[in-house]
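This report refers to the structure that appears directly beneath it.
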Amino acid sequence: MTICTPGKGHHMIQFDAVHKRFPNGTTAVHDLSLEMPEGGVTVLVGSSGCGKTTTLRMVNRMVDPTSGTIRVGGRDVLEQDAAELRRSIGYVIQQSGLFPHRTVLDNIATVPLLLGWGRRKARARAAELLETVGLTAEAGKRYPHQLSGGQQQRVGVARALAADPPVLLMDEPFGAVDPVVRSQLQDELIRLQKELSKTIVFVTHDIDEAVRLGDRIAIFRTGGHLVQCAAPAELLARPADDFVADFLGAERGLKLLSLTTLADVPRGPAPEGGTWKLVLDEARRPQAWRTEGAEIPVRPLRDTDSLLAALNESIASPTGFVARVDADGALTGVTSRAEIHEHAGEAHSSHSTAGAAI
Ligand SMILES: Nc1ncnc2c1ncn2[C@@H]1O[C@H](COP(=O)(O)OP(=O)(O)OP(=O)(O)O)[C@@H](O)[C@H]1O
């Protein structure tokens with residue numbers, strides 16, 4: 001049995017020896033002990049049918065466990081009224097689950113109204129949340145089918161946040177949108193989470209999404225077995241077994257580089273007198289690489305960009321150099337392909353030999 005205990009912080013959600021067997025004999029979750037830290041994102045991943053959704057739905061009692069205990073905020077969920085518990089936990093699903101005959105604003109106001117906030121206050125809160133999730137006031141007057149898939153998902157997130165619940169359950173929330181919109185929605189969630197620090201349980205099939213969003217990732221295999229639960233860097237550097245390694249994919253080394261920033265990689269002055277010259281504007285912002293008779297665009301990187309982005313840029317740049325800039329876009333120096341390569345190798349081996357699971 002894999003037990004996941006993430007350090008000393010407070011655990012908002014605790015699964016203790018939880019088992020779920022459906023009446024038809026299917027074991028969806030097998031002897032699960034898992035703790036989810038307060039204010040952190042725990043991502044549940046694994047192949048289809050491995051029990052992720054069932055695990056998620058046991059948190060708000062949409063499914064009850066056959067045995068074992070689940071606590072939210074220290075309280076056994078089975079000792080709480082199911083409807084009340086559900087209203088106190090935000091829930092976002094793949095198809096947004098919006099009421100088709102209610103306006104977007106009224107959809108978002110659903111839980112506050114159920115909680116007896118009164119129409120005016122509930123709508124004011126809904127209007128505030130529309131803005132929080134990046135939608136216009138005008139969108140609030142429309143009906144769900146008049147929005148794009150990505151916009152509907154934003155409304156789903158706003159609705160889940162309406163009563164400011166401490167816990168959010170998100171079941172493949174971005175599964176039905178195209179990759180560009182998906183990436184935007186992930187960015188938005190990261191931004192929101194920095195502000196709101198909710199305890200989030202997030203189900204996905206997509207390991208890249210898990211690595212991007214998760215503070216911790218729990219990997220399940222068929223039969224509802226938890227195989228490994230760790231911070232993304234730990235998981236990528238030291239998969240517990242072949243199943244996890246296969247699930248992470250052949251590019252797990254590159255994924256690991258996506259978690260390391262460029263900040264510690266040294267930089268030097270831009271090359272002078274060589275084949276390529278870096279053209280700057282009056283604010284020292286890089287404009288292009290220039291060589292005799294040609295100019296090619298430059299894509300400068302900041303210290304907060306990842307080593308993976310740097311590696312990619314160093315390969316794409318015919319000069320072999322990556323231009324580095326500060327927050328205002330002004331040049332701070334350049335780094336060569338060789339240096340980036342060297343640091344990528346070091347970052348990889350330092351993760352692989354780092355201490356025990358965090
Ligand atoms: N109400 C139910 N009755 C019987 N079996 C069920 C029920 N709900 C889920 N199952 C079964 O339990 C197992 C786990 O299902 P679950 O939906 O939790 O998996 P999942 O990992 O979320 O899958 P997916 O990624 O495909 O959504 C599956 O074998 C599924 O068929």
Side-chain angles (χ1 to χ4, degrees), residues 1-2 4 13-36 41-70 72 77-78 82-83 85-86 89-97 149 152-153 156-157 160 167-179 182 185-186 189 199-214 216-230 232 235 239-249:
M1 180 177 71
T2 302
C4 190
I13 303 170
Q14 293 168 290
F15 281 74
D16 188 10
V18 172
H19 214 83
K20 177 63 193 180
R21 205 182 129 115
F22 284 105
N24 69 357
T26 307
T27 295
V29 176
H30 181 90
D31 201 10
L32 175 66
S33 291
L34 176 64
E35 295 179 333
M36 304 179 182
V41 181
T42 303
V43 182
L44 313 181
V45 288
S47 40
S48 192
C50 66
K52 305 179 293 292
T53 294
T54 304
T55 300
L56 186 91
R57 290 162 71 101
M58 284 194 286
V59 176
N60 68 356
R61 288 200 59 188
M62 293 179 84
V63 174
D64 279 342
T66 311
S67 61
T69 313
I70 299 154
V72 175
V77 293
L78 293 182
L85 184 75
R86 261 170 242 152
I89 294 178
Y91 186 51
V92 188
I93 55 173
Q94 186 178 114
Q95 298 299 346
S96 81
Q152 288 182 29
Q153 285 312 113
V157 172
V167 174
L168 270 189
L169 306 179
M170 308 185 83
D171 194 351
E172 292 259 5
F174 311 144
V177 294
D178 70 58
R182 187 171 187 145
L185 291 171
Q186 291 167 355
L189 184 64
T199 302
I200 298 180
V201 191
F202 191 107
V203 167
T204 181
H205 280 103
D206 177 352
I207 188 64
D208 291 319
E209 184 165 76
V211 168
R212 198 148 177 232
L213 299 178
R216 304 187 62 75
I217 300 176
I219 298 202
F220 289 75
R221 71 177 158 78
T222 314
H225 296 267
L226 174 65
V227 191
Q228 188 173 9
C229 175
L235 195 73
D241 60 17
D242 289 348
F243 173 82
V244 177
D246 282 350
F247 194 82
L248 296 172

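Atoms within a ligand are numbered from 1 in the order they appear, just like the ligands themselves.
Between the side chains of T69 and D16, not a single donor N or O lies within less than 3.5 Å of an accepting N or O.
Under 4.0 Å from ligand 1, heavy atoms of T54 appear from its side chain as well as its backbone. With a 4.0 Å heavy-atom cut-off, ligand 1 is reached by the backbone of T53 and by its side chain too. Contacts between H205 and ligand 1, counted as non-hydrogen atom pairs separated by less than 4.0 Å, involve the side chain only.
Given atom 30 (C) of ligand 1, the protein heavy atom at minimum distance is T26 CG2, 4.7 Å. Summary of contacts: the protein heavy atom closest to atom 12 (O) of ligand 1 is A28 CB, 3.4 Å. Among protein heavy atoms, the minimum distance from atom 5 (N) of ligand 1 is reached at F22 CD1, 3.4 Å. With hydrogens left out, the protein atom closest to atom 26 (O) of ligand 1 is S48 OG, 2.5 Å, a heavy atom. Protein heavy atom in closest approach to atom 25 (O) of ligand 1: K52 NZ, 2.8 Å. Summary of contacts: the protein heavy atom closest to atom 28 (C) of ligand 1 is G49 O, 3.7 Å.
Between V77 and M58, the shortest heavy-atom contact is CG2-O, 4.1 Å. The two residues T222 and C50 have their closest heavy-atom pair at N-CB, 3.9 Å.
Those atoms of ligand 1 that come under 4.0 Å of a heavy atom in C50, given as number and element, are 19 (O), 20 (P), 21 (O).
Remark: the backbone N or O of E209 is not paired with any side-chain donor or acceptor of T204 at under 3.5 angstrom. A donor-acceptor pair under 3.5 Å is formed between the side chain of K52 and the backbone N or O of S47. For the pair T55 (side chain) and G51 (backbone), a donor-acceptor distance under 3.5 Å is present. Under a 3.5 Å cut-off, the side chain of E35 and the backbone N or O of Q14 do not form any donor-acceptor pair.
For the atom pair CG of L185 and CD of Q153, the computed distance is 7.0 Å after rounding to the nearest 0.5 Å.
Not a single heavy atom of G46 sits under 4.0 Å from any atom of ligand 1.
For atom 20 (P) of ligand 1, a protein heavy-atom neighbour is found at a distance under 4.0 Å.
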